[in-house]
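Throughout, a chain's letter reflects where its sequence line sits, starting with A, and its residues are numbered from 1.
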Amino acid sequence: CSESDLGPISLNWFEELSAEAPP
Amino acid sequence: DVAEQLTPVLPDGPGEESLQFVSELKDSSCSGAVDVSTVWWAAAGHRELRVVTASESAVSLWQPLAPDCWGKVYTWHLREIPVIQIVPLPDTCNLVCVALGELEIGEIRLLLYSSETDSFEHSLVKTGNIKAVVGLKDQRLVSSSRTMQEQQVEMVSLSETGGSKDKQTLMPPEETVTAFAEVEGMREALVGTTAGNSVVVWNLKTGQLLRKMHIGYSYPASICHRAYSDSGLLFVVLSHPHAKESESCGSPAFRVVAFNPRTGRSAGVMFCCLPPGPAGRRGDVWDTAGAAVLTSGAVAVWDLLRGRCTAVLPAGPAGRWALARWASGGAGLLAGRCNGTVHLYRY
């Protein structure tokens, strides 16, 4: 699967989503 | 006949990855096997892998006595509520976790040996209308339970003595959680599947629900088995117990789907099919190998990375297989018959 199918990929998705999600 | 029917689905034959028979365990007192598993057990300064077998009313611990010989060490009798399944606790020593109930799980118990009282005991960990449960590394247990009003998702840290040391409430999604899977290599991440056919991701440390991602309408009621995080993507192994057979791709046994947790978009990566004809039943995944019992009574094994069936255990004259479970730490495959016979295979 390519980035165009799945959108921009981030290696730090877990940390980023944890910082953005409601506590 | 079954072996002949299944041979064509193994393009290169059984090959190197086929299953090698190691040993047999026979529980003559078993009236109907419901599950089989393995547990690490330490006694007298020595740690070994033991087999656990469960019938509706009893759970037995088996010790290797000699090559190809197993002896029953102890049997816990649980007569009030039937045992439904053994809940594997990866990397945990001297603790067996079982789920009991009728149609749904009503309670979760720990079975253990207490050196204080020098006796085998069992203790209650949780009761309720439990929809899904999973054992995680470091003696942690996550479960989802439902009342009329709300869903509760909770992680408990288990103590060696059978109690719960610590509790963390996880934010529940609106839809009922139907299964959990640990994320390989990420201690604080957990994925789940929901009744609305979504994959959800939690942060176990904070209890946050990080993301809900829809799987799609092609395969309803997906169940997650395992997940791996790699190169910014979350690869989830799913099975589809209620999927219909289609002409183009047969019956799906396992699918590997890549999710981008940042965008919620997904793409199918690998698709493992059941041999033509037989439908599948309960499946189990270890590392990148999947195994499932087919309705014909055979066991099929798949390489989930290459998407192909690598081995088949036909039902044979001794009877149909009813259970297929991977042993801890890659020790092989456990295949069980209803009469209490368990075969251990090296894979």
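- By the 4.0 Å N-to-carboxylate-O rule, Glu20(A) lies close enough to Arg262(B) to be salt-bridged with it.
- The minimum heavy-atom distance between Glu188(B) and Phe14(A), with the atom names listed, is O-CZ, 3.4 Å.
- In this structure, Gly232(B) and Trp13(A) approach most closely via the heavy-atom pair O-CD1, 3.7 Å.
- Ala21(A) approaches Leu210(B) most closely through the heavy-atom pair CB-CD2, 4.0 Å.
- For Leu234(B), the part sitting under 4.5 Å from any heavy atom of chain A is the side chain, from C-beta outward, and nothing else.
- Leu6(A) and Asn260(B) get closest at one heavy-atom pair: O-ND2, 2.9 Å.
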query = Yes or no on side-chain contact (heavy atoms from CB on, under 4.5 Å) for Leu17(A) and Val201(B), after CA distance, side-chain angles and deciding distance?
reply = CA-CA 10 Å; Leu17(A) 292 179; Val201(B) 186; over 6 Å; no
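- In this structure, Ser18(A) and Asn203(B) approach most closely via the heavy-atom pair OG-ND2, 3.0 Å.
- In this structure, the separation between CD1 on Ile9(A) and OG on Ser231(B) is 8.0 Å, given to the nearest 0.5 Å.
- If you measure heavy-atom distances from Val183(B) to chain A, you find no contacts under 4.5 Å at all.
- Looking at heavy atoms from C-beta onward, Pro23(A) lies out of side-chain contact with Thr206(B) at the 4.5 angstrom threshold.
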